[in-house]
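What follows is a single structure, written as structure tokens, with notes after it.
Here is how names work: the chains are called A, B, and so on, in the same order as the sequence lines, proteins then strands, and each is numbered from 1. Note that this is a predicted model, so its numbers are computed, not measured.
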There are 2 protein chains.
Amino acid sequence: MAASRRPTLADVAREVGVSAKTVSRVLNEDGPASARTREQVLAAVAKLGFQPNLMARNIRVGGPDTTIGLVVPDLANPFFAAVARGIEDTVRNRGLTLLMGSSADDPEREHALTAQFLARRVSILIVVPSVGADHSGLKPHRTAGLPVLFLDRPGVGLATDSIVSSNRAGAHEGVAHLIAHGHRRIGFVGDLPVKLYTRRERLAGYRAALKEADIPYDRSLVASAHDQQGAEAATSHLLGLADPPTALFAGNNIMALGVVAELARSKRKHVAVVAFDDVSLAEALEPALTVVAQDPAEVGRKAAATSLARLDGDRSRARTITVPTRLIVRGSGEQPAATP
Amino acid sequence: MAASRRPTLADVAREVGVSAKTVSRVLNEDGPASARTREQVLAAVAKLGFQPNLMARNIRVGGPDTTIGLVVPDLANPFFAAVARGIEDTVRNRGLTLLMGSSADDPEREHALTAQFLARRVSILIVVPSVGADHSGLKPHRTAGLPVLFLDRPGVGLATDSIVSSNRAGAHEGVAHLIAHGHRRIGFVGDLPVKLYTRRERLAGYRAALKEADIPYDRSLVASAHDQQGAEAATSHLLGLADPPTALFAGNNIMALGVVAELARSKRKHVAVVAFDDVSLAEALEPALTVVAQDPAEVGRKAAATSLARLDGDRSRARTITVPTRLIVRGSGEQPAATP
DNA sequence: CTGAAAGCGCTAACAA
DNA sequence: TTGTTAGCGCTTTCAG
């Protein structure tokens with residue numbers, strides 16, 4: 001079958017015998033229209049299966065598009081998926097739709113995505129900035145009225161709103177929990193790159209907790225990885241040290257999966273663990289996993305709400321909102337420090 | 001600061017002293033342009049921070065927008081998040097961006113989202129259809145050349161491509177695994193609504209496996225839930241029966257979380273479990289969780305590849321592609337059938 | 001209450 | 001190599 005052209009406003013108008021403007025009026029409930037005309041128009045719209053072209057409308061109206069652009073490192077990471085959900089829930093009743101992309105923490109991909117979103121005239125731009133990305137190029141758009149917000153990490157080159165978790169305080173609290181249970185050799189399994197804001201903040205919290213307890217910082221207890229497999233290897237490495245840690249602190253959800261998986265595989269239940277960011281089934285593990293829980297949905301909602309306020313004209317100073325974390329004690333942090 | 005208007009092609013042209021078309025040519029690498037002009041144009045573009053308006057371009061060119069619309073029940077569900085990632089990975093090098101929304105399995109929200117996507121002239125529309133949704137309204141768009149694809153479940157009212165997992169065979173295999181280990185009273189914890197395609201197919205696989213082993217189907221062993229909490233309650237209910245099941249089959253990833261959490265909470269490790277769809281940390285549980293693993297990334301990639309082929313002119317018959325599941329034996333299915 | 005003309009930002013088609 | 005004209009589908013503006 002030949003591909004038939006999609007009907008336009010003019011097609012509908014012709015079908016009814018009125019002008020395009022009249023059809024437009026009926027559909028947008030703009031201006032008056034006689035009941036009879038309205039009916040006829042609606043009938044024709046249904047008959048032809050007319051779907052107004054939102055791009056054409058936007059072009060003419062000139063305002064931003066009813067989309068919100070979101071750039072995250074990985075769509076499939078449960079943390080960012082939950083953030084996206086929080087954003088969506090908040091902007092839905094404003095008629096905004098989510099335009100999403102994964103940057104893989106690559107500044108070039110991030111740039112390509114933001115450029116694409118800007119070209120689409122998104123109403124709001126929310127970015128989880130990659131290490132090494134510069135955002136000064138967004139300045140004119142900000143000035144032109146586009147709300148830009150950095151999520152999970154601060155951005156470079158642009159003073160604008162950002163939403164982050166209480167990384168340092170949270171990590172501090174988690175590590176202090178381990179120390180309170182007698183641990184003095186505590187390993188840190190962090191993600192990469194080392195310059196990543198969240199890693200640095202959480203490592204800082206770890207160090208602060210050690211210092212508070214007069215435990216010297218031992219670089220050899222800090223391991224790093226890119227993914228779950230890497231975290232497993234890092235865990236294995238730490239536990240194989242001459243003077244191994246009796247407890248581990250996992251720097252994010254993916255590291256947590258690796259740490260827990262490796263401990264289970266090597267049957268080392270006696271190693272205490274606290275993870276930054278909650279993971280599903282944490283309660284079903286033995287021992288159940290103690291975590292410094294983030295609230296990704298709240299991060300998303302706050303990000304959306306803040307940007308919407310900007311869209312509505314809020315011209316106050318750029319601010320950073322910190323979403324608190326919460327230590328959820330489930331047991332894994334209380335394993336005794338003394339190895340058998 | 002006053003919101004300055006975004007620069008247009010004409011602004012750039014004026015800045016350089018050439019025509020708009022020339023700027024367009026340079027930016028789209030369409031037609032010839034002298035090195036000197038090209039340079040000047042690029043400089044002006046950088047200076048003004050010009051970002052071409054993709055909507056205006058699309059309007060003029062007339063083709064579909066370079067977006068792919070995806071409607072899923074829940075962005076935050078790891079299965080759909082992974083599917084989205086698979087789609088994105090496949091369409092990225094074609095320059096398509098993901099437009100996403102959650103339907104919450106509500107036909108009205110699904111309809112609103114698809115309408116919005118159609119109005120945006122997405123290049124491809126991929127939908128996880130809700131129970132009760134009718135898709136005959138998409139016919140004209142299909143005819144007009146829009147590839148429409150149903151994902152995870154078949155759609156109603158429109159004959160088009162769909163991608164599903166091998167639900168029935170997978171469930172059959174998982175339940176047979178339990179039967180092979182001596183179980184005859186096997187509970188089924190399924191999601192809702194009961195008319196949901198995946199639930200029905202998986203229940204059918206469950207029943208087929210029972211039948212094959214001459215085990216009568218006992219309705220009282222089938223429980224249902226909407227979410228993890230519900231699945232916990234359903235599990236508790238089943239285990240509280242006068243003649244309780246010695247094994248449980250979880251109908252999807254969320255049900256699996258509930259079943260496992262409840263068994264851990266009530267310390268009933270002796271109950272055998274097989275879950276449909278893999279979950280993270282499955283290997284770290286005790287016993288490790290045996291699952292009928294789906295391949296969400298592959299589902300996404302297949303969906304994207306199939307739709308892209310349609311976009312490229314494939315006019316062959318609508319087909320249903322089944323992505324195979326795989327039984328991953330980890331231990332939880334081998335708990336002995338005899339209760340102490 | 002309705003229509004005609006103009007124009008949003010961009011590119012196709014032609015001309016120079 | 002570059003410019004001019006027209007027009008994508010829609011809405012604004014101004015008349016009727």
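With C:dA4, D:dT11, C:dC8 as the candidates, the nucleotide lying closest to the side chain of A:Ser19 is C:dA4. When distances are taken from the side chain of B:Thr8 to each of D:dG9, C:dA12, C:dC10, the shortest belongs to C:dC10. The side chain of B:Arg57 lies closest to C:dC10 when the candidates are C:dC10, D:dT2, D:dC10. Listed candidates were D:dT11, C:dA12, C:dC10. Nearest to the side chain of B:Phe50 is C:dC10. The side chain of A:Ala20 lies closest to D:dT11 when the candidates are D:dT11, D:dT2, C:dC10. Closest approach to the B:Arg60 side chain among D:dC10, D:dT11, C:dA12 is made by C:dA12 (side chain taken as heavy atoms from C-beta onward). Of all nucleotides listed (D:dT12, C:dG3, C:dT2), C:dG3 comes nearest to the side chain of A:Val18.
For the OP1/OP2 pair of C:dC8 and a distance below 4.0 Å, the side-chain nitrogens and oxygens of A:Asn58 include no atom meeting the criterion. One finds no side-chain N or O of B:Thr22 lying less than 4.0 angstrom from the OP1 or OP2 phosphate oxygen of D:dT1. Phosphate proximity of C:dT11 to B:Ser24: present, with a side-chain N or O under 4.0 Å from OP1 or OP2.
Atom CD of B:Gln40 and atom P of D:dT1 are 15 Å apart (whole Å). The separation between B:Asp30 atom CG and D:dT1 atom P is 13 Å, rounded to whole Å. When rounded to the nearest whole Å, the span between CE of B:Met55 and P of D:dG9 equals 16 Å. In this structure, A:Leu27 atom CG and D:dT11 atom P are separated by 8 Å, rounded to whole Å. With rounding to whole Å, A:Lys21 atom NZ is found 10 Å from D:dT13 atom P. Going from atom CG of B:Asp11 over to atom C1' of C:dC10 covers 13 Å, rounded to whole Å. Taking atom CG on A:Leu9 and atom C1' on D:dC8, their separation rounds to 13 Å, with Å as the unit. Note: CG (B:Asn53) to C1' (C:dG7) measures 14 Å, nearest angstrom.
Here A:Lys21 pairs with A:Asp30 in a salt bridge; the nearest charged N to carboxylate O distance falls below 4.0 Å. Residues B:Glu298 and B:Arg301 are paired through a salt bridge, judged by an N-O separation under 4.0 Å between the basic side chain and the carboxylate.
Tested against A:Ser130, the residues A:Arg109, A:Glu108, A:Glu110 include a single side-chain hydrogen bond (donor to acceptor under 3.5 Å, both in side chains) partner, A:Glu110. Residue A:Met100 forms a side chain to side chain contact (heavy atoms under 4.5 Å, CB included) with just one option from A:Ile87, A:Leu75, A:Leu113, and that option is A:Leu75.
Map B:Gln51 and A:Ser34 each onto its nearest nucleotide of DNA chain C; the residue landing nearer the 5' end is A:Ser34. The 5' end of DNA chain D is approached more closely, in terms of each residue's nearest nucleotide, by B:Val61 than by the other of A:Arg25 and B:Val61.
Of the possible donor and acceptor atoms, none in the side chain of A:Arg153 sits under 3.5 Å from a partner among the backbone N and O of A:Thr198.
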